[in-house]
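Single-structure report; data block below.
Just so we're clear, the structure is a prediction, and the values are computed from it rather than from any experiment. Worth knowing before you read on, the calculation uses all heavy atoms, side chains too, and leaves out hydrogens, waters and symmetry mates.
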Amino acid sequence: MQKSLKKTVLVGILSAMAFVLFLFPKFPILAAFPWLDLDLSDVPALFASVVLSPIAGLLVALIKNLLHLAVTSTAMIGELSNFLINGTFVLAVGLLHRYLFKALDLVHSVAFSLLLGSVFQVIAAVLVNFFLMIPMYSAFVNFSELGGAETYILAGVIPFNLIKDVAVSFVTLLLFRLLYRKFHGYLHK
């Protein structure tokens, strides 16, 4: 099989895995904000970003969100914000791994990329929530009852994304250590 066809197949498989992980299992992390659920759907996208390319990882994140449109009631707002926030994480990790930390050994490169990528993701989460999510959902959610937009971001968005990034990074790094050789071998046969 040609290498480009193998990459396309992997993007499809990883997208399907991400979509299923986007549906379940989900875990609310912060009791005050039960709609902020932890899911592991970024793991396949991060894997694609590191193993294939940053664009492949971004495609997995995009396809996951496009598929999710069929089963959601967020009027595309949730999927758009998920893509912008988690797409930033996935793209940053892939680019950092490929260009900034490439001199390091593989596991350290991925670990440092995940760490720094989470900083970019938290910044994206703050910006997307402040300029997109809060204005669009303010018709449905009274953010003043939550202490205002700033309190929601400081007490909900930032801690949630930090916790999620730690969990997703841990699982990604663990799976990366276990599966990288198999994926690498498959691509280079």
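The environment of Phe33 atom CZ is dense: over 12 non-hydrogen atoms of other residues, nucleotides or ligands sit within 6.0 angstrom. Heavy-atom contacts from other residues, nucleotides or ligands closer than 6.0 Å to NZ of Lys102 number 12 or fewer. Phe112 CZ: 12 or fewer foreign heavy atoms inside a 6.0 Å radius.
By the 4.5 Å heavy-atom criterion applied to side chains, Leu91 and Phe120 are not counted as neighbours. Phe83 is listed as a side-chain neighbour of Leu58, based on a closest heavy-atom distance under 4.5 Å. In this structure, the side chains of Val122 and Asp165 come closer than 4.5 Å at one or more pairs of heavy atoms.
A donor-acceptor distance shorter than 3.5 angstrom exists from the side chain of Ser118 to the backbone of Leu115, with no hydrogens or angles considered. Checked by atom type and distance alone, the side chain of Ser49 never pairs as donor or acceptor with a backbone atom of Ala45 at under 3.5 Å.
Residues Leu23 and Lys26 come closest through the heavy atom pair O-CE, 3.8 Å.
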Requested in this report: Using the side-chain hydrogen bond (donor to acceptor under 3.5 Å, both in side chains) rule, take Lys64 and Ser15 through it: C-alpha gap first, then chi angles, then the decisive distance, then the call.
Outcome: CA-CA 6 Å; Lys64 167 193 80 171; Ser15 297; over 6 Å; no

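Rounding to the nearest 0.5 Å places CG of Leu30 at 5.0 Å from CD1 of Ile163. With rounding to the nearest 0.5 Å, the separation of CG in Leu114 from CZ in Phe101 is 10.5 Å. To the nearest 0.5 Å, the span separating CD1 on Ile77 from CG on Asn82 amounts to 13.5 Å.
A perpendicular orientation is assigned to the rings of His68 and Phe19, their planes being inclined by more than 60° (bins at 30° and 60°).
Aromatic rings from Phe47 and Tyr180 are positioned such that their centres are separated by 6.0 Å or more.
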